[in-house]
Student: 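This is the structure I have questions about; it appears just below.
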Amino acid sequence: MKSSKTLIVAAAVAASALVLSACSSGSSDSSSTPAPNSVSLRMTTWTANQDQLKLFNQIADDFKKTHPEIKSITFDSLPPADYSTTLTTQLAGGDAPDLAWVFDTDATDYVNSGTLAPLTSTLKATAGYDYSDLSSSATKLWTAKGQLYAYPFSTSPFIVFANDSLLSQAGLPTSAQMKANGTWTWPDIMQAASQVNAKTGKGGVVVNNFNYQDWTTLVGIWNSFGAAPWSSNGKTCTFDSPEMESAFSLINKAIRDKAMPGPGTTVDFFSGGAAFEVAQISSAGLLAKAGFKWDVNPLPAAKDGAAANVIGQAGLGVIAKGKNAEEASKFLAFFTNPDNAKKLAAYFPPPRTSLQTADTLAATNPVLSADQLNNVVIKSLSDAVTRPGHVNQAQIAKKVQTALTPMWKPNADVSGILKNVCSSVKPLLEG
């Protein structure tokens, strides 16, 4: 899946209207059957991949064969960078789609605002759906008060890609050797990254899509320290916790030691430009023609002990105020049934436990070995957390981004900056 982009201010303004407008449902009367060719469904996505869209349309055509009321099903591809903004504007402006992909960082907002229609009853009532096959850890983010509000169509773990050729060139152990000798920790990796830069001039650690803007992508680092940006109920800022201070102290030192490329510096790991990259496993395909030896590894621990797993998710939900919410829910049930989920697994890591096998995931990531799939990818799916989200996510994300700006300078006042982050977002968290 694609990582979420920072929303522009206009989207934050529109989001307030989203909550108000989402309360009315456009579902049809379940006691009546729509006339043939009377229902047109629209689903927004952020993919423009022609192979993926071809599969979507094939599934849609199969659904139409047994649902004569469906006139058309269209897939509206919106640019990923503007996806959340555009979708929120459509919702607030009365042009809501029937179904939509939703970023994991927007999940809390969409689930709690009433924007998404509940799906549990429809999915459980669908013959052959096997609702119990959906992983509870995968559905947790999209569930509230016992109801599932979106199907997590993509559940992709964050891992660490390593350029073993570059490590060897710098006279350092490979990533497998680091794990074997007990030095697969963030401090050790940052030290190795700094040495790679000093000896080869190449980059050290790249965090995919971070670019010193989308701070949520740093979750793979701070989560290993046991840190979180706010409390589990979302009411209290915990950016100023000792655990978060340890994580950001590591990051700030990495910038100073050139273990991480500094602001404004672009480094491409997949063309051989860096020693390590923190990214989702879906990026593995970019290594199909890599001209260097590489490996995939689980997220490191902070200092000692086991690391915490992190997954990136995207949910598929039915817009509650859409004109055809009932028909849209039936199509979602068909789109994500066991047979179609297996087809979709060719592109999107599935939430169904029966499909979380090396054989199934090999179709999605053919460049990975069975050992890498079993011992890194599948193990990284268990007990994982997602990137942070909140009911005021757009506004909070912008304020955190601004407050963290001084953090990216060498020898920054880490503690003071994190306290300022909390001061900036406190009203929104409590609000």
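On a predicted model such as this, the values are computed, not experimentally measured, just so you know.
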Student: Please report the C-alpha distance between Gln372 and Asp295 in whole Å, then the side-chain angles of each, then the deciding distance to 0.1 Å, and finally whether the side-chain contact (heavy atoms from CB on, under 4.5 Å) criterion is met.
Tutor: CA-CA 8 Å; Gln372 290 170 327; Asp295 203 352; 3.0 Å; yes
Student: Looking at every heavy atom in both Phe335 and Leu344, which two are closest together, and how far apart are they?
Tutor: O-CD1, 3.5 Å
Student: Does Thr402 have any side-chain hydrogen bond (donor to acceptor under 3.5 Å, both in side chains) partners at least two apart in sequence or in another chain, and if so, which?
Tutor: none
Student: Trp142 and Ala107: which non-hydrogen atoms are nearest, and at how many Å?
Tutor: CZ3-CB, 3.4 Å
Student: Check whether any side-chain heavy atom of Phe334 sits under 4.5 Å from a side-chain heavy atom of Asp62, and report yes or no.
Tutor: yes
Student: Can you tell me if Asn211 uses its side chain to pair, donor with acceptor, with the backbone of Gln213 under 3.5 Å?
Tutor: no
Student: Starting at NZ of Lys64, measure out to OG of Ser72 and round the result to the nearest 0.5 Å.
Tutor: 6.5 Å
Student: Is any side-chain heavy atom of Pro79 closer than 4.5 Å to one of Trp46?
Tutor: no
Student: For Phe210 and Trp408, take the angle between the two ring planes, folded into 0 to 90°, and tell me which bin it lands in: parallel under 30, tilted 30 to 60, perpendicular over 60.
Tutor: perpendicular
Student: So do Leu167 and Val196 actually touch side chain to side chain, heavy atoms under 4.5 Å?
Tutor: yes
Student: State whether the number of non-hydrogen atoms from other residues, nucleotides or ligands found under 6.0 Å of Lys140 atom NZ is greater than 12.
Tutor: no
Student: Are the side chains of Pro34 and Glu327 in contact, using a 4.5 Å heavy-atom criterion?
Tutor: yes
Student: Could you pull out all residues at least two apart from Ser135 that satisfy side chain to side chain contact (heavy atoms under 4.5 Å, CB included)?
Tutor: Ser137, Ala138, Thr353, Gln356
Student: Would you find a donor on one side and an acceptor on the other, under 3.5 Å apart, between the side chain of Ser165 and the backbone of Lys293?
Tutor: yes
Student: Any side-chain to backbone donor/acceptor pair from Glu326 onto Asn324? Under 3.5 Å, distance only.
Tutor: no
Student: Mind checking the CG-CZ spacing from Asn337 to Phe63? Nearest 0.5 Å is all I need.
Tutor: 10.5 Å
Student: If I take atom CD1 from residue Ile251 and atom CE from residue Met190, how far apart are they, to the nearest 0.5 angstrom?
Tutor: 6.5 Å
Student: Can you name the side-chain hydrogen bond (donor to acceptor under 3.5 Å, both in side chains) partners of Asn392, sequence neighbours left out?
Tutor: none
Student: Step by step, would you call Gln90 with Thr44 a side-chain contact (heavy atoms from CB on, under 4.5 Å)?
Tutor: CA-CA 11 Å; Gln90 289 182 3; Thr44 58; 4.0 Å; yes
Student: Between Asn181 and Thr183, do the side chains contain a donor N or O and an acceptor N or O under 3.5 Å apart?
Tutor: yes
Student: If you compare all heavy atoms of Leu368 against all heavy atoms of Val377, which two are closest, and at what distance to 0.1 Å?
Tutor: CD1-CG2, 4.0 Å
Student: Would you say Ser231 and Asn233 are linked by a side-chain donor-acceptor pair, where the criterion is simply a distance under 3.5 Å?
Tutor: yes
Student: Please confirm whether the backbone N or O of Gln401 pairs with a side-chain atom of Thr405, one donor and one acceptor, at under 3.5 Å?
Tutor: yes
Student: So, Ser154 side chain and Gln313 main chain: donor-acceptor pair closer than 3.5 Å or not?
Tutor: no
Student: Is there a side-chain contact (heavy atoms from CB on, under 4.5 Å) between Asp214 and Arg387? Walk through the geometry before answering.
Tutor: CA-CA 11 Å; Asp214 188 359; Arg387 293 183 302 154; 3.7 Å; yes
Student: State, yes or no, whether a side-chain contact exists between Glu243 and Thr238 at a heavy-atom distance under 4.5 Å.
Tutor: no
Student: For Lys289, which residues count as a salt bridge (charged side-chain N to carboxylate O under 4.0 Å, His left out) partner, sequence neighbours excluded?
Tutor: none
Student: Do the rings of Phe161 and Phe269 sit parallel, tilted or perpendicular, given the 30° and 60° boundaries?
Tutor: tilted
Student: The criterion is ring pair (Phe, Tyr, Trp, His ring centres under 6.0 Å); which residues satisfy it with Phe75, sequence neighbours excluded?
Tutor: Phe56
Student: Within the side chain of Thr200, is there an N or O that forms a donor-acceptor pair under 3.5 Å with the backbone of Ala170?
Tutor: no
Student: Supply the atom-to-atom distance Ser282 OG to Ile159 CD1, rounded to the nearest 0.5 angstrom.
Tutor: 9.0 Å
Student: Evaluate side chain to side chain donor-acceptor pair (under 3.5 Å) for Ser113 paired with Thr115, printing each intermediate quantity in order.
Tutor: CA-CA 5 Å; Ser113 67; Thr115 304; 2.5 Å; yes
Student: Determine whether a donor-acceptor pair (N or O, by modelled atom type, separation under 3.5 Å) exists between the side chain of Thr174 and the backbone of Asp164.
Tutor: no
Student: Work out which heavy atom in Asn297 is nearest to a heavy atom in Ala162; give both atom names and the distance.
Tutor: ND2-CB, 3.6 Å
Student: Taking all non-hydrogen atoms of both residues into account, name the closest pair between Pro300 and Val160 and its distance.
Tutor: CD-CG2, 3.8 Å
Student: Between atom CG of Asp98 and atom CZ of Phe331, what is the distance when rounded to the nearest 0.5 Å?
Tutor: 10.5 Å
Student: Contact between Leu418 and Met407 at the side-chain level, heavy atoms closer than 4.5 Å - yes or no?
Tutor: yes
Student: Begin from the C-alpha positions of Thr185 and Asp188 and carry the test side chain to side chain donor-acceptor pair (under 3.5 Å) through to its verdict.
Tutor: CA-CA 5 Å; Thr185 69; Asp188 291 314; 2.7 Å; yes
Student: Quiz question: by atom type and distance under 3.5 Å, do the side chains of Asp106 and Ser84 form a donor-acceptor pair?
Tutor: yes
Student: Would you call the rings of Phe348 and Trp101 parallel, tilted or perpendicular, where under 30° means parallel and over 60° means perpendicular?
Tutor: perpendicular
Student: Could you please spell out the steps behind the side-chain contact (heavy atoms from CB on, under 4.5 Å) verdict for Asn208 and Ser283?
Tutor: CA-CA 10 Å; Asn208 189 40; Ser283 297; 4.2 Å; yes
Student: Examine distances only and state if a side-chain atom of Asn163 and a backbone atom of Trp294 form a donor-acceptor pair shorter than 3.5 Å.
Tutor: no
Student: What is the distance from atom CE of Met178 to atom CD1 of Ile189, rounded to the nearest 0.5 Å?
Tutor: 5.0 Å
Student: Quick one: does Leu87's side chain get under 4.5 Å of Pro97's, heavy atoms only?
Tutor: yes
Student: Is a donor on one side and an acceptor on the other found under 3.5 Å between the side chain of Asn223 and the backbone of Val219?
Tutor: no
Student: Show every salt bridge (Lys or Arg N to Asp or Glu O under 4.0 Å) that has at least one partner inside residues 346-355, sequence neighbours left out.
Tutor: Asp133-Arg352
Student: Look at the side chain of Asp104 and the backbone N and O of Gly312, then say whether any donor-acceptor pair between them is shorter than 3.5 Å.
Tutor: no
Student: How about Val421 and Leu404: do any of their side-chain heavy atoms sit closer than 4.5 Å?
Tutor: yes
Student: Please determine, by modelled atom types, if Tyr129 and Thr122 share a side-chain donor-acceptor pair under 3.5 angstrom.
Tutor: no
Student: In this structure, which one of Thr265, Thr266, Val267 forms a side chain to side chain contact (heavy atoms under 4.5 Å, CB included) with Val206?
Tutor: Val267
Student: Looking only at non-hydrogen atoms, find the nearest pair between Leu91 and Ala96 and report the distance.
Tutor: CD2-CB, 3.8 Å
